[in-house]
Each structure stands twice: as structure tokens, then as C-alpha cells.
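Count residues from 1 along the sequence.
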Amino acid sequence: QPASGGLCRPDLRLSGHDTEGYGLSWNPNKAGKLLSGSNDSRLCIWDVDASHADKMAVPPLATYQGHTAPIQDIAWSFQKANSFASVGDDMRLLLWDDTASQKPVHSVKAHEAEINCLA
């Protein structure tokens, strides 16, 4: 809830994206790990439980690029702590491993139109 006067005072402000985004996913296997996807076609991972020198400009631990259009949804794997998936307007499903390179492990053209949801 905003403080009196209507100003929002966040505990953390995460940097890393250039545009708005729609996808957020908390890692169910690693507390504090947050994944995001954005219209800038980038994925970012943060550790919000780590200490940060500047809490108003927290950089991502890692940034991933693989989509050629906005990312619409993302999800961490419930079984593999370092794996996640993303989908987007480029009609692709990308599978990632955050211990490997910053490129997708698998890329599949999954639809003939934009993909808006991943479960």
C-alpha cells in the first residue's frame, strides 16, 4: 500500500529490461530466484534474497536472448531447479538451462500464431 501522500516506495527496483513485460515466475526450487520476460525479447533472472548495494537499481544475475519478438510468458520447471521455458510472439517455445550458455537448449516452432501462455 502506498505511504501517505500516494507515493510508492518499493523495497527493490529490478533493472534489466528496456520495455514492459508480461511474464514473471518465481523458482519453486530456489527461494528468491525471479525470472521475467519482456517485450524487449529478453529474459532476466534476479536473486531478490541476496544483498544489494543499490536496492533501487538491482541488475539481473543473468540475461538471456533467444526470441525474435516479445516474450509473452515464462515458467520455471517444477522438477529441475535450473530449467525454465519461454513462449512469445515469434511462435516459438524455448527451453533453457541457467547453468548452460545464455542460449536456449531447445527451440521449437510451436504454433502458427503468437503464443500467449505457458503452463
Backbone N or O of P59 within a donor-acceptor pair of the H52 side chain at under 3.5 Å? no
Is there a side-chain contact between K109 and E112 (heavy atoms, below 4.5 Å)? yes
Determine whether L118 and I115 fall in the same hydrophobic cluster, where Ile, Leu, Val, Met, Phe, Trp and Tyr are linked whenever their side-chain heavy atoms lie under 4.5 Å apart. yes
Rounded to the nearest 0.5 Å, how far apart are CG of L93 and CG of D73? 11.0 Å
Looking only at atom types and distance, does a side-chain atom of W76 sit under 3.5 Å from a main-chain N or O of P28, one as donor and one as acceptor? no
I want to check something: taking the side chain as every heavy atom from C-beta on, are I74 and F84 in contact at a cut-off of under 4.5 Å? no
For residues V48 and L24: do they belong to one hydrophobic cluster (side chain heavy atoms under 4.5 Å, members Ile, Leu, Val, Met, Phe, Trp, Tyr)? yes
Enter the distance from D18:CG to D40:CG here, rounded to the nearest 0.5 Å. 5.0 Å
Say whether V87 and V105 are linked into one hydrophobic cluster, either directly or through other cluster members, by side-chain heavy-atom distances under 4.5 angstrom. no
To the nearest 0.5 Å, atom NZ of K103 lies from atom CD of Q65 at 7.0 Å
Same cluster or not: are L43 and I45 linked, directly or through other Ile, Leu, Val, Met, Phe, Trp or Tyr residues, by side-chain heavy atoms under 4.5 angstrom apart? yes
Taking side chain as C-beta onward, heavy atoms only, is C44 less than 4.5 Å from T63? yes
One pair to check against side chain to side chain contact (heavy atoms under 4.5 Å, CB included): N27 and L35. What are the steps and the verdict? CA-CA 7 Å; N27 189 322; L35 173 66; over 6 Å; no
Sidechain-backbone polar pair: S41 side chain, A69 backbone, donor-acceptor under 3.5 Å: yes
Would you call the rings of Y64 and W96 parallel, tilted or perpendicular, where under 30° means parallel and over 60° means perpendicular? perpendicular
If only atom types and distance count, is the side chain of T68 paired as donor or acceptor with the main-chain N or O of D90 below 3.5 Å? no
Is it the case that the side chain of S15 and the backbone of V58 share a donor-acceptor pair, with hydrogens and angles ignored and the cut-off at 3.5 Å? yes
Is atom CG of D11 surrounded by more than 12 heavy atoms (other residues, nucleotides or ligands) closer than 6.0 Å? no
Between L61 and D98, is the side chain to side chain contact (heavy atoms under 4.5 Å, CB included) condition met? List the steps. CA-CA 10 Å; L61 294 174; D98 75 354; over 6 Å; no
Is there a donor in the side chain of K30 and an acceptor in the side chain of N82, or the other way round, less than 3.5 Å apart? yes
Does the R42 side chain pair with the main chain of G16, one donor and one acceptor, at a distance under 3.5 Å? yes
I71 CD1 to D89 CG distance, which is reported to the nearest 0.5 Å: 10.0 Å
Would a 4.5 Å heavy-atom cut-off, applied to side chains only, mark P70 and Y22 as touching? no
